[in-house]
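The structure appears right after this line, and notes come after that.
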Amino acid sequence: MTAALAKYAAFSRVAIAQVRHERGDLAGRVAFFAVILGVFSSLWRAAAEAGLPMGADPKQLLWYLAITEWITLSTPQIHLDIQETIRGGDVIYRLGRPASFVLGELATGLGLLAVRLPVLGLTAVVCAFWFTGWVPPAATVAIVVPFGIAGAVLLTALHVWIGLLAFWMQDVSPVYWVCQKLLFVLGGMMLPLHLYPEVVQRLAALTPFPVLLAAPASFVFGAGLLAPAALAARLALWCVVVALGMRWTFTRAAAGLTINGG
Amino acid sequence: MQPAVQLDRVSKSFRVRRARGGGLSARARDLLRPLTETVQAVDRLSFSIAPGERVAFIGPNGAGKSTTLKVLAGILRPDAGDVRVLGFVPSDERQRLAFHIGTVFGQRSQLWYQLPPRDTFALLGRVYEIDRRQHRRRVDALTALFELEALVDTPVRHLSLGERMRCEIVASLLHSPRLLFLDEPTIGLDVTAKAAIRDLLRTESERERVTLILTSHDTGDIERVCTRVIVINHGRLLWDGPVAALRSAVIGNRALEDAPLDEVIRALYAHGARRRCTS
């Protein structure tokens, strides 16, 4: 058990070392994040000043966006690395090792996440405070942070699952972009779900997307989309679903390798 | 003594899709009812390799070499026949076997491109569950042997192909495998780098008694590294014997007695193809 943990922790450590060599990418994410928050801060302030119905306090709306973007921008696009490994043929090395390919990729993704979450989390707090002059209560932050991290972990696993589709597809980007669009609407990436029509809210409840973004971020409005216990249960349920999905996909892929050969 | 590798009438086939040709209706039928055909990649192949042997496993493109290597590594499951590698049944015991075998694919990489090789070596040390102190000693010994001390902390993207390949081989030897699969390990290298890699492989095999199975289209690899050649074509065994006896394989062709080895091998493939047509 300890050896297995050390094995996958080593994948995370190498990924962390990789981030050190790709500081430009992280700096780009920080800059992009700050610009997005700046733009939306101005937009919502202008909307409030024009007397448009907002459905929520503009300050809370900006903090909501800071949290959803913190989760989204921290999550590595690990599906692209997996796709490259499979298409380039380097997967042959990974399959011949005494380690699970799927867990190795997931551990790599979590390593990248371990660096990005604190850096982008700090960016979120500094920028959101800068633009609003307000900070949510400490009790809210104490709930948001663990659920935000859990959401990012689940989203990383979802990206690994998408990457595994490269065993069949030349390019998994279309699947990723469909997932992103669903995350945008059903996950409430830009606007909280309670501002959407009821039919969208009902549809969203059947998918994993709200628990990834909207539910953790909605705590800034006071009462969250889901109570913490219910959110934890939903997250656990979707973790199981994604884990089973990854396992099923990889098992099928191994059989596919036999069919494709070469 | 237990053989390092033993194949007994091993077969492996694949089902591949075949297009019906142009036209919209043909494409629609391809989508709804695809045509498939069976390709026999390995056909009742049998051979045995003793521990410490250095064997060239050669054949023309599509002969079934890569499929056989993947069967030996446990990545593919054979349709029929028995396979034993270091006493393990590869397709059933792949993870356990993985601790004892190493692989080098000349056209693939296991090194993290942005990082120095030392980081990949550290990762592999953990993956193969090597004791930290033992791992450090092994890295030091192999980097000295492969003259990589000055390069082991340089990001892989700054290394030349020859330097990278030496690092790839070190990465494959870190866990002291008893069997090493090498697929075109010198492809794309200049003559000096090729000579260095060949010498190092031979030295390491002799020193540690590592069994080598090498596939290559470069006859220099075969002559300088291996003592035995197994030739396959269409998934079947064509010839198996010492490298020195390869010239006599093309029976009755006196013109080839002093010919370069690649000409001999070409003739052997053609001879095998003719024999197959006749049979």
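Here is how names work: the chains are called A, B, and so on, in the same order as the sequence lines, proteins then strands, and each is numbered from 1. What you are looking at is a predicted structure, and each value in this text was computed from that prediction instead of being measured.
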Check whether B:R108 reaches the backbone of A:G88 with its side chain - one donor and one acceptor, N or O, closer than 3.5 Å.
yes
A:F129 atom CZ: more than 12 heavy-atom contacts under 6.0 Å
no
Might you confirm whether atom CZ of B:R157 has over 12 heavy atoms from other residues, nucleotides or ligands at distances under 6.0 Å?
yes
Within this structure, what is the CG-NZ distance for the pair A:L95 and B:K70, rounded to the nearest 0.5 Å?
9.5 Å
Anything in residues 114-122 of chain B with a heavy-atom distance to chain A below 4.5 Å? Please list those residues in order.
B:Q114, B:L115, B:P116, B:D119
For residues 104-115 of chain A, please give each side-chain donor-acceptor pair under 3.5 Å, one per line with the distance, not counting sequence neighbours.
unit_1 : atom_1 : unit_2 : atom_2 : d
A:E105 : OE2    : A:R94  : NH1    : 2.5
A:T108 : OG1    : A:G104 : O      : 2.8

Take a 6.0 Å sphere around CD of A:Q170 and say whether it holds more than 12 heavy atoms from other residues, nucleotides or ligands.
no
Identify which part of B:V39 has an atom lying under 4.5 Å from any heavy atom of chain A, answering side chain, backbone, both or neither.
neither
Let me confirm one number: the CD-CG distance from B:Q110 to A:D90, rounded to the nearest 0.5 Å.
9.0 Å
What one should report as the nearest heavy-atom pair of B:Q95 and A:A99 is OE1-N, 3.6 Å
From A:Y93 OH over to B:L124 CG, what is the distance, rounded to the nearest 0.5 angstrom?
10.5 Å
How long is the span from the OH atom in B:Y128 to the CZ atom in A:R97, to the nearest 0.5 Å?
6.0 Å
How many angstroms lie between atom OG1 of B:T103 and atom CD1 of A:I92, to the nearest 0.5 angstrom?
8.0 Å
If you look at every heavy atom in A:G96 and B:A98, which pair is closest and at what distance?
O-CB, 3.4 Å
